[in-house]
Amino acid sequence: MKTFPVPEISVVVPLYNEEQNVPLLTVKLAAALRPLGRPWEMVLIDDGSRDGTAAALKTAAATYPELVPLTFRRNYGQTAAMQAGFDHARGQIIVTLDGDLQNDPADIPALLAKMAAEDADIVSGWRKHRQDHALKSNLPSRLANRLIARITGLKLHDLGCSLKAYRRDLLDELRIYGELHRFIPAVAMQYGAKIVEQEVSHHKRQFGESKYGLDKTIRVALDIIQLYFFQRFLHRPLHFFGYVGLMALVPGLLMLGYLFVLKVLGFDIGDRPMLLTGFMLVLLAVQLLGMGVLGELLVRIYHEPQGRKQYLLRK
């Protein structure tokens, strides 16, 4: 039985209803990776497609022994597909891209060269000349990039580009949920990852239909809120909840103190809106402070039983 060397490079591609793109995608990936002269594999994940994507992967696997097909029982979303690819990839360098052929596999060698030259942990693609719809994709993406840059300090032109290269030891420490596959570099910043950018090509979709709509903007907005919290307060949640709680507690106590003085002086305070407002603020503050303390306990439960550290050492 013929054996293959352990791959150095793993290409992870999530797929959803991309039956027509699979044959050309595998051809282009092989054409880009074979000249490198390094062992490689392509991990293609069928995210519960309703067309013939699974059958197309099975056919392609008969031609390319480097292909590792994964098939979900149902549609879990792109982030789950990415995480499954990371879990099954064996390479020390992992490259991700979309399966719609808008990302060009021919750009992979440039990303790898940039990673080696800059000794970077992540090389993020920059679709400088995008071929997407101006209002549905380009404008929301630019706004999100600027907002994330301001929140995190990560100065990238195109966080939403799926064509990226990662070092394996960094991804081993990360788990992504929800829709955070777009923001892996921003999440990785908390671990001190070195992130650089490489200009890449971008093409119009040839086959299939775009999976993105206006609802993507809402999901991105919610992810940015989550990202802000993780970036600033993941290891100190009491600082977040406690700060907001104190902002409610101080005016609440001042209101109740003022009303207490009026009551002592003989004034009727039972029908004053300030009484209800003061009690509501104090109760809100107590709840927020309690959530902060509970968050601190959860942080310790997350780290201590399994020996997780709050830091990473560069290898």
Side-chain angles (χ1 to χ4, degrees), residues 77 79-80 135-136 139-156 159-160 174-191 212-305 308 310-311:
T79 298
L135 291 179
K136 288 185 178 181
L139 181 60
S141 178
R142 290 179 182 177
L143 293 176
N145 286 330
R146 291 180 181 178
L147 183 57
I148 292 170
R150 175 164 292 188
I151 290 174
T152 66
L154 178 60
K155 307 297 183 182
L156 291 180
L159 259 174
L174 302 179
R175 304 292 297 183
I176 52 175
Y177 303 93
E179 298 285 335
L180 284 181
H181 64 275
R182 301 182 185 93
F183 307 126
I184 295 177
V187 175
M189 277 193 66
Q190 64 183 300
Y191 297 103
Y212 301 107
L214 294 177
D215 62 321
K216 173 186 174 183
T217 304
I218 299 175
R219 297 199 304 268
V220 169
L222 294 174
D223 288 336
I224 290 174
I225 296 174
Q226 179 185 176
L227 183 64
Y228 175 78
F229 181 84
F230 285 167
Q231 189 76 21
R232 302 290 182 86
F233 304 104
L234 178 63
H235 300 295
R236 47 193 180 96
L238 183 58
H239 288 203
F240 173 79
F241 291 107
Y243 179 77
V244 179
L246 289 176
M247 290 180 63
L249 182 64
V250 172
L253 290 177
L254 289 175
M255 290 179 187
L256 294 179
Y258 170 73
L259 293 174
F260 176 76
V261 173
L262 291 181
K263 184 67 174 177
V264 170
L265 295 176
F267 291 94
D268 184 19
I269 63 172
D271 58 349
R272 292 177 180 251
M274 187 182 291
L275 179 64
L276 181 59
T277 303
F279 272 117
M280 291 296 293
L281 287 174
V282 171
L283 288 175
L284 176 63
V286 171
Q287 287 183 328
L288 288 170
L289 290 170
M291 289 176 64
V293 173
L294 181 60
E296 292 288 337
L297 292 174
L298 291 175
V299 167
R300 284 154 178 76
I301 292 172
Y302 174 78
H303 284 288
E304 293 176 5
R308 293 189 180 96
Q310 303 96 312
Y311 59 85

Do Leu256 and Val282 pass the side-chain contact (heavy atoms from CB on, under 4.5 Å) test, and can you show the C-alpha distance, the side-chain angles, and the key distance before you say yes or no?
CA-CA 9 Å; Leu256 294 179; Val282 171; 3.8 Å; yes
In Å and rounded to the nearest 0.5 Å, what is the CG to CG distance from Leu238 to Leu294?
11.0 Å
Where Pro237 and Gly295 come nearest, the two heavy atoms and their spacing:
CG-C, 3.3 Å
Test: salt bridge (charged side-chain N to carboxylate O under 4.0 Å, His left out). Region: residues 246-255. Which pairs qualify, not counting sequence neighbours?
none
For Leu289 and Gly242, which heavy atoms make the closest approach, and how far apart are they?
CD2-CA, 3.6 Å
Return the minimal non-hydrogen interatomic distance between Ala248 and Leu281, and the atom names on each side.
O-CB, 3.4 Å
What is the distance from atom CZ of Phe241 to atom CG of Leu246, rounded to the nearest 0.5 Å?
13.5 Å
Kindly indicate, with the supporting measurements, whether the criterion side-chain contact (heavy atoms from CB on, under 4.5 Å) is fulfilled by Phe260 and Val264.
CA-CA 6 Å; Phe260 176 76; Val264 170; 3.9 Å; yes
Going by the rule ring-ring contact (aromatic ring centres under 6.0 Å, His included), which residues pair with Phe240 if we only count those two or more places apart in sequence or in a different chain?
Phe229, Phe233
Rounded to the nearest 0.5 Å, what separation is found between the CG atom of Leu249 and the CG atom of Leu254?
9.0 Å
Check side-chain contact (heavy atoms from CB on, under 4.5 Å) between Ala188 and all other residues, then give those that pass, not counting sequence neighbours.
Ile122, Leu170, Leu174, Ala193
Got a sec, which residues hit side chain to side chain donor-acceptor pair (under 3.5 Å) with Arg272, two or more places apart in sequence or on another chain?
none
Can you tell me how far the CG atom of Leu288 sits from the OH atom of Tyr243, to the nearest 0.5 Å?
13.0 Å
Quick test of your reading: applying salt bridge (charged side-chain N to carboxylate O under 4.0 Å, His left out), list the pairs with at least one residue in residues 282-298, sequence neighbours left out, ordered by first then second residue.
Glu296-Arg300
Could you tell me the separation between the OG1 atom of Thr79 and the CZ atom of Phe183, rounded to the nearest 0.5 Å?
9.5 Å
Of the non-hydrogen atoms in Ala285 and Gly245, which two are nearest, and what is the gap between them?
CB-O, 3.1 Å
For Met274, which residues count as a side-chain contact (heavy atoms from CB on, under 4.5 Å) partner, sequence neighbours excluded?
Met255, Tyr258, Leu259
Which heavy atom of Pro185 sits nearest a heavy atom of Leu156, and at what distance?
CB-CD1, 4.2 Å
